[in-house]
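Heads up, the thing below is written out as structure tokens.
All chains are named by letter (A, B, ...) in the order of the sequence lines, taking the proteins before the strands, and each is independently numbered beginning at 1.
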Amino acid sequence: MNVAVCVKQIPDPATPGSLGSDHTLNRDSKLILDDSDAYGVEMALRLVEAAGGGEVTLVSMAPNSEVSGLRTGLAMGAHKAILVSDPVLKGSDALGTAKVLAAAIKRGNPDLVIAATESTDGYTGTTPVQIAELLGFPSVTFAKKVTIEGSSVKVERQTEAGYDDVACSLPALITVTAGVVEVRYPSFKGIMAAKGKPLEELKVADLGIDAGSVGWAGAGQQIASVTAAEARQGGEIIEDDGEGHLKIVAFLEQLKVI
Amino acid sequence: MPISKIWVVAEAADGKVTTSTLELLTWARATGATVEAVIADDGAKVAAELGAFGATTVHATGDLGGSLPGAPTAGAIAAAVAGGAPDLILLSQSYDGRDIAGRLSVKLDRTVLTNAVGLEVEGDNVVAEHAAFGGAKIVKATFTGPGPYIVVVRPKSFTAESAGAAAAAVSALSVPDLGATNGATVTQRHVEEHTGPKLDEASLVVSGGRGLGEAAKYSMIEDLAKALRGAPGASRAIVDAGWVPYAYQVGQTGKTVKPDVYIACGISGATQHMVGMKGAKNIIAINKDKEAPIFGIADLGIVGDVHKVLPKLLEALQSR
């Protein structure tokens, strides 16, 4: 059972982000593993453990040969990582990103591909399914629970009304929602072991992809403008002196909610 | 080529068209000369409602026999595009809408703009607006290259208004053989019983965050929502912690809500959360940290402990 996990290394969401003059996200500061992706890594490790063997491969695309987020995933227990890092990738849209990741994933011939439902920074939310289509795989998005049964994967998929049981043939791609598994913390041993794990860095040319179909050249979109959103004014702030709830009651009365 | 022909990918649950579909149709009929709907369902059941909101035709695949809709719907649309392409294809930012958009994007080799909260036509192009950095910035993006353009729009971006028009004509849309990509099948549906309104349609929302301290305390949020006939919601932090399912999440990576009243309990107001709720008419926040960003947008802020304020508030409401 071999699983590829798409992971994104993003600027720390705790620090305010900014856009460069070309409207791309500034990614010069230290990048970290997107929290959303930690669930996918955890899920992959559990599935491989349950299957009694196999490998978890992390696949990522990033500028500047950034690997700190990949090291986090390797420290959790992933077996190896592939990073596609190339200056020509700057400006890639979701489709361009999917083309690159799909080509990198294909090299490993996995039984299952796992991704988050969306990244925390760009939150486009289409890249995983685009990858599935490019690979010719079926996909099940918004998975809450995943088990492998023979040559198929059984998924509990989040819906508006509750959830669906979905059966899907392998190989397949799934996206997992946050909070579905408890993510392990990398142990000291894991962190040390991660330093020696294989981390392959590839260029776009290594993947047989035409540079004109990715990056700025291949992007099917452009940013027309970036403006500050209308600010909302704060109102009355009071310290709770034991009667704070009455303020809320009065406010709700005034709004005729009660 | 101006934006003349628009397709809206419609969704329905139990034969009733979703509100976000009706929002898209309302925008589309004010914009395009021809508005048609596509649905992965029985067209006859929804033709009247889709027609009333502006679709002249509904291209329907009929029942998909349990297939997850993403692959077959995208396959059917891509095949139909080859025989007369629309200029613009609109989808709802929903569980299935994103699946369809992703597949369609690859099949047509066109980019897709998602999370749109505003749309305009400028000349021959479409300008889609989305929020960045938790709503602090508004980014407007356009397409380069040829159409059809694909845009996925967040619910509540437009107001749905019926045009009172006649039922849409039903036209059969065939699903081509998709091989392995159509390998996902729903074997059983589980409907979780909800009393009270849906999160994204409720006129009052009570949301809980990390300040609740532990999963068991989320019951306070549910109780308060029930007492006020509203819907319970959550910040990403407690969804990530596994306290409540993803469907409860309000924010950038969750649902956008625009209720009359939003009550944020133990939520600091990370940008990720604010983008999903700052469109509320009135915001009440309870948080023990007076520096919490949520107070910057609250109409009424109570600096206090949710464990003390909420029980008293509930008691006061229940004794009325």
Item to complete: Answer yes or no: is there a side-chain heavy-atom contact under 4.5 Å between A:F137 and B:T181?
Response: no
Practice prompt. Output the option from A:A132, A:A167, A:G162, A:C168 having the highest count of non-hydrogen pairs under 4.5 Å with chain B.
Written response: A:A167
Worksheet item: Heavy-atom distance under 4.5 Å to chain A: side chain of B:R110, backbone, both or neither?
Response: backbone
Discussion item. For A:I223 and B:V139: C-alpha separation, side-chain torsions, deciding distance, then whether side-chain contact (heavy atoms from CB on, under 4.5 Å) applies.
Written reply: CA-CA 7 Å; A:I223 305 298; B:V139 175; 3.7 Å; yes
Response to the item:
Highest number of heavy-atom pairs under 4.5 Å with chain A among B:A13, B:A141, B:G66 belongs to B:A141
Worksheet entry | Region of B:V309 in contact with chain A, defined by heavy-atom distances below 4.5 Å | both
Worksheet item: Going by heavy atoms in the side chains, are B:D109 and A:L95 under 4.5 Å from each other?
Response: yes
Worksheet entry | Engaged part of B:I138 at the chain A interface, taking heavy atoms whose separation is under 4.5 Å | both
Discussion item. Does either side chain, that of A:S139 or that of B:R103, offer a donor lying less than 3.5 Å from an acceptor on the other one?
Written reply: yes
Item to complete: Could you tell me how the ring of B:Y95 sits relative to the ring of A:F142: parallel (under 30°), tilted (30 to 60°) or perpendicular (over 60°)?
Response: perpendicular
Worksheet item: Nearest heavy-atom pair of A:G244 and B:I302: which atoms, and what distance?
Response: O-CD1, 3.6 Å
Practice prompt. For the pair B:D299 and A:R232, find out whether any cationic side-chain nitrogen is under 4.0 Å from an anionic carboxylate oxygen.
Written response: yes
Item to complete: State plainly whether the residues B:K278 and A:E230 are in salt-bridge range, i.e. N to O under 4.0 Å.
Response: no
Worksheet entry | Side chain proximity check, A:V249 to B:L313, heavy atoms < 4.5 angstrom | yes
Worksheet entry | Residue among B:K107, B:Q272, B:K312 with most heavy-atom pairs under 4.5 Å to chain A | B:K312
Practice prompt. Below 4.5 Å from any heavy atom of chain A, which atoms of B:L300 appear? Answer side chain, backbone, both or neither.
Written response: both
Worksheet item: Picking from A:T227, A:V226, A:L252, which has the most non-hydrogen pairs under 4.5 angstrom with chain B?
Response: A:T227
Fill in: Between B:R98 and A:T124: side-chain donor-acceptor atoms closer than 3.5 Å
no
Worksheet item: Is B:R236 salt-bridged to A:D35, going by a charged N under 4.0 Å from an acidic O?
Response: no
Worksheet entry | Contacting moiety of B:L317, where chain A heavy atoms sit under 4.5 Å | side chain
Discussion item. Can you tell me which portion of B:A131 sits under 4.5 Å from chain A's heavy atoms? Options are side chain, backbone, both or neither.
Written reply: both
Item to complete: Heavy-atom distances under 4.5 Å only: say whether B:K137 touches chain A with side chain, backbone, both or neither.
Response: both
Worksheet entry | B:K288 NZ: over 12 foreign heavy atoms closer than 6.0 Å | no
Discussion item. We want to know whether B:T187 and A:D165 form a side-chain donor-acceptor pair, criterion being a heavy-atom distance below 3.5 angstrom.
Written reply: no
Worksheet entry | When B:S105, B:A71, B:A74 are compared by non-hydrogen pairs under 4.5 Å with chain A, the top option | B:S105
Discussion item. If I measure from the heavy atoms of chain A, does B:I283 come under 4.5 Å with its side chain, its backbone, both, or neither?
Written reply: both
